[in-house]
Amino acid sequence: QRQLVESGGGLVQAGGSLRLSCATSVRTFSDYTMGWFRQAPGKERSFVASTSWRGGTTYYADSVKERFTISRDGARSTVYLQMNTLKPEDTAVYYCAAAYRLPEIPGPSYVDYWGQGTQVTVSP
């Protein structure tokens, strides 16, 4: 059983918006720092945003600051990524990630659980 399941990807024109969702079935959602990574063709998986397990501190990659917003809903064990003012360079497969009791997620090797990924394509 996959612990993390993403939804909400799709095709959008530049300047548009999408909201990704990640439903989790980890035992104690509140113990996990949740994040989003993305991977474009031919590139490594890179950090996008995270929200910490304690206090909900958020972190963003410089390339998405002021455009993307990460949030979490403890009652639904779900994390969201609101993406606004999308650009063609945001095109990638987006992966939900969970890391146990870390203040942030420095990189992919720190992740305990991954989602299956959802494709986001931004046309010019």
Report whether [X] and [Y] are members of the same hydrophobic cluster (ILVMFWY, side-chain heavy atoms less than 4.5 Å apart, transitive linking).
X	Y	value
Leu20	Val12	yes
Val79	Val5	no
Tyr110	Tyr95	yes
Val93	Leu11	no
Tyr60	Met34	yes

Just how far is it from atom [atom1] of [X] to atom [atom2] of [Y], taken to the nearest 0.5 Å?
X	Y	atom1	atom2	value
Ser77	Arg27	OG	CZ	13.0 Å
Leu86	Thr121	CG	OG1	10.5 Å
Ser21	Asp73	OG	CG	10.0 Å
Arg67	Gln82	CZ	CD	12.0 Å
Ile105	Tyr59	CD1	OH	11.0 Å

Open item on the list: When you measure from the side chain of Ser52 to the backbone of Thr57, do you find a donor-acceptor pair of N or O atoms at a distance under 3.5 Å?
Closed with: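 At least one qualifying donor-acceptor pair exists.
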
TODO: Indicate yes or no for a side-chain donor-acceptor contact from Thr78 to the backbone of Arg76 under 3.5 Å, with no hydrogens or angles considered.
DONE: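 A pair under 3.5 Å: yes.
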
Non-hydrogen atoms of [X] and [Y] that approach each other most closely:
X	Y	answer
Ala14	Pro88	CB-CD, 4.1 Å
Cys96	Glu6	N-OE2, 2.7 Å
Ala40	Thr91	CB-O, 3.8 Å
Arg72	Thr33	NH1-CA, 4.1 Å
Val120	Leu18	CG1-CD1, 3.9 Å
Trp36	Ile70	CD1-CD1, 3.6 Å

Task: Presence of salt bridge, Asp31 and Arg54, under 4.0 angstrom - done: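 Judged by the 4.0 Å cut-off on N to carboxylate O distance, Arg54 and Asp31 do not form a salt bridge.
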
Open item on the list: One thing to verify: whether Asp90 and Lys87 come together as a salt bridge, which I'm taking to mean a side-chain N less than 4.0 angstrom from a carboxylate O.
Closed with: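 No, Lys87 and Asp90 are not salt-bridged.
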
TODO: Show which residues join Tyr80 in its hydrophobic cluster (side-chain heavy-atom contacts under 4.5 Å, direct or indirect), or state none.
DONE: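 Besides Tyr80, the cluster holds no residue at all.
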
Open item on the list: Both conditions, 6.0 Å and 45 degrees, for the charged tip of Arg45 above the ring of Trp114: are they met here?
Closed with: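 Yes, cation above the ring, under 6.0 Å and within 45°.
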
Task: Residue Gln13 excluded, over 12 heavy atoms near CD under 6.0 Å - done: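 At most 12 heavy atoms, drawn from other residues, nucleotides or ligands, come within 6.0 Å of this atom.
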
Open item on the list: Working note: Ser7 + Arg19, criterion side-chain contact (heavy atoms from CB on, under 4.5 Å); need CA distance, chi angles, decisive distance, verdict.
Closed with: CA-CA 9 Å; Ser7 61; Arg19 188 176 83 152; over 6 Å; no

Task: From Tyr113, Phe29, Tyr32, residue fulfilling ring pair (Phe, Tyr, Trp, His ring centres under 6.0 Å) relative to Tyr100 - done: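 Exactly one candidate clears the test, Tyr32.
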
Task: Sub-6.0 Å ring centroid separation between Phe47 and Phe37 - done: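 Yes, the ring of Phe47 comes within the 6.0 Å limit of the ring of Phe37, centre to centre.
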
TODO: Show your working on side-chain contact (heavy atoms from CB on, under 4.5 Å) between Thr51 and Glu104 and close with a plain yes or no.
DONE: CA-CA 7 Å; Thr51 172; Glu104 58 181 298; over 6 Å; no

Task: No-hydrogen, no-angle side-chain donor-acceptor test under 3.5 Å, Ser17 and Asn84 - done: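 Their side chains do contain a donor-acceptor pair, which is all the 3.5 Å distance test asks for.
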
TODO: State, without any angle test, whether Ser46 and Glu44 hold a side-chain donor-acceptor pair at a distance under 3.5 Å.
DONE: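 There is no such pair (donor and acceptor under 3.5 Å, judged by atom type) between the side chains of Ser46 and Glu44.
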
